[in-house]
Amino acid sequence: MQLKLNFIIFKNFVPLFLIILFSFSSRSERTSLIYKFTNRKSDTIIIKLPKPLVKGIMTVEEALSKRRSVREYKDTCLTLQEVSQLLWAAYGISDSVKWNGFGLHTAPSAGALYPLELYLVAGNVSGLPAGIYKFRPKGHCLILVKSGDNRSDLCDAALKQKMIKYAPASIVYSAIFARTTEKYGNRGRERYVCMDLGHSGENIYLQATAMGIGTCAIGAFEDKKVAKIINMSKDEEPLYIMPVGKLKE
Ligand SMILES: Cc1cc2nc3c(=O)[nH]c(=O)nc-3n(C[C@H](O)[C@H](O)[C@H](O)COP(=O)(O)O)c2cc1C
């Protein structure tokens, strides 16, 4: 009887608690809360990203002419909307035409096999707790891999390149080479996967430039350390770190 009563109180209290939490949170935080709540059973925290824009104010020509590798950023946060836009530009799904059941992405890929995985190492993104998140193009969302601010560790693993520590976030690329080599063999390993990476990385450069955000492609790091920080699986190899932060005036 007592147990039943406790359950009824608990059942009624949870929605009330969520309503209170909702009224004190910002709009972007609310989105996160919904997803955390609905996925708590599977222990997977999924954060739905805001819808990316498909029209901007800067032309491609202007972005191409202004693009540079930027290694110092304004000491301010990025928003979830900005991070969403950068990830979508990098590897988001741009066409829902079915291909292997996953749709086609913003970056081309040999055989549409999409060997790349993208992670967001977030330290100062408004509406997003510090942590490492895996970007899932299908559904345009983030999956929490690890909580906490990992920017310093990532910076150390990248030969102490300071922009990683001070940027509000970094996008880390890995590749599952087997996805491409199964079809293309050695040509896939020696050429196609890195070509895919180049296309996607340039998308980040151009999208960032158009948004007043700076980035720099970083290839110099200790592979094992980066893979460990990110919790990469054994079949993944880290390829790029791209810190992102607002341009200094
Ligand atoms: C494969 C690759 C690896 C790179 N690795 C680093 C790096 O570890 N650290 C860094 O500061 N810049 C790195 N860069 C950025 C280059 O230094 C930069 O692109 C080059 O100086 C030309 O400048 P720009 O990008 O502004 O045109 C890398 C670029 C590429 C393409």
Side-chain angles (χ1 to χ4, degrees), residues 56 58-75 78 82-83 85-87 89-91 105-110 113-124 132 135 150-177 179-181 184 186-230 232 236-249:
M58 192 182 282
T59 62
V60 176
E61 293 83 352
E62 214 179 327
L64 283 166
S65 69
K66 287 189 171 158
R67 184 212 65 81
R68 283 277 73 83
S69 291
V70 180
R71 298 177 179 84
E72 280 183 29
Y73 317 102
K74 213 171 167 179
D75 186 17
L78 286 179
E82 287 168 330
V83 157
Q85 192 68 35
L86 291 169
L87 289 167
Y91 220 45
H105 296 229
T106 49
S109 173
L113 293 168
Y114 303 109
L116 306 176
E117 296 289 336
L118 275 70
Y119 296 86
L120 184 77
V121 178
N124 190 12
I132 298 178
F135 173 55
N150 288 269
R151 290 177 296 172
S152 278
D153 289 347
L154 192 63
C155 167
D156 290 348
L159 320 179
K160 298 198 190 302
Q161 298 193 64
K162 283 212 166 54
M163 62 270 211
I164 297 173
K165 187 173 171 180
Y166 296 116
S170 281
I171 295 169
V172 179
Y173 281 94
S174 75
I176 298 179
F177 278 77
R179 284 186 196 151
T180 302
T181 54
Y184 296 112
N186 230 13
R187 199 170 179 81
R189 168 158 281 280
E190 285 171 3
R191 294 182 178 219
Y192 294 167
V193 171
C194 284
M195 288 170 175
D196 280 21
L197 175 71
H199 292 300
S200 178
E202 179 70 357
N203 282 3
I204 295 188
Y205 264 113
L206 294 178
Q207 179 70 78
T209 306
M211 293 163 68
I213 290 171
T215 189
C216 179
I218 295 180
F221 52 78
E222 292 180 63
D223 296 2
K224 279 189 185 155
K225 283 189 183 170
V226 171
K228 195 172 172 202
I229 291 164
I230 305 289
M232 285 179 189
E236 278 179 86
E237 293 176 40
L239 292 176
Y240 253 166
I241 301 172
M242 296 186 70
V244 282
K246 287 264 170 66
L247 290 176
K248 283 186 168 177
E249 267 114 51

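Below, each value reflects all heavy atoms present in this structure, side chains not excepted, and no hydrogens, waters or symmetry copies. What you are looking at is a predicted structure, and each value in this text was computed from that prediction instead of being measured. Start at 1 and go down the list; that is how both ligands and their atoms are numbered.
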- Measure the CD1-CG distance between I171 and L87 for me, rounded to the nearest 0.5 Å.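 If we round to the nearest 0.5 Å, I171:CD1 and L87:CG are 4.5 Å apart.
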- Message: Distance alone, cut at 3.5 Å: any donor-acceptor contact between the side chains of Y114 and R179?
- Response: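 No donor-acceptor contact under 3.5 Å links the two side chains.
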- Item | Pairs satisfying side chain to side chain donor-acceptor pair (under 3.5 Å), at least one member in residues 158-169, at least two apart |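 Counting only pairs at least two positions apart or across chains, the side chain to side chain donor-acceptor pair (under 3.5 Å) contacts touching residues 158-169 are D156-K160.
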- Give a yes or no answer on whether the side chain of T181 reaches the backbone of N186 with a donor-acceptor pair at less than 3.5 Å.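 Side chain of T181 to backbone of N186: no pair is present.
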- Query: Is the side chain of T106 donor-acceptor paired with the backbone N or O of A89 at a distance under 3.5 Å, no angle test?
  - Reply: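 A pair under 3.5 Å: yes.
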Which N or O atoms of ligand 1 sit under 3.5 Å from a protein N or O, and how far apart is each pair?
from     : atom 1 : to   : atom 2 : distance (Å)
ligand 1 : 5 (N)  : A217 : O      : 3.3
ligand 1 : 5 (N)  : G219 : N      : 3.0
ligand 1 : 8 (O)  : Q161 : NE2    : 3.3
ligand 1 : 8 (O)  : G219 : N      : 3.4
ligand 1 : 8 (O)  : A220 : N      : 3.2
ligand 1 : 9 (N)  : Q161 : OE1    : 2.8
ligand 1 : 11 (O) : R71  : NE     : 2.7
ligand 1 : 11 (O) : R71  : NH2    : 3.4
ligand 1 : 12 (N) : R71  : NH2    : 3.2
ligand 1 : 14 (N) : A217 : O      : 2.9
ligand 1 : 17 (O) : R71  : NH2    : 3.1
ligand 1 : 19 (O) : S69  : OG     : 3.4
ligand 1 : 25 (O) : R67  : NH1    : 3.0
ligand 1 : 25 (O) : R67  : NH2    : 3.4
ligand 1 : 25 (O) : S69  : OG     : 2.6
ligand 1 : 26 (O) : R68  : NE     : 3.0
ligand 1 : 26 (O) : S69  : N      : 2.7
ligand 1 : 27 (O) : R67  : NH2    : 2.8
ligand 1 : 27 (O) : R68  : NE     : 3.4
ligand 1 : 27 (O) : R68  : NH2    : 2.8

- Taking the side chain as C-beta and beyond, is there a heavy-atom pair between I218 and R71 under 4.5 Å?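 I218 vs R71: side chains apart.
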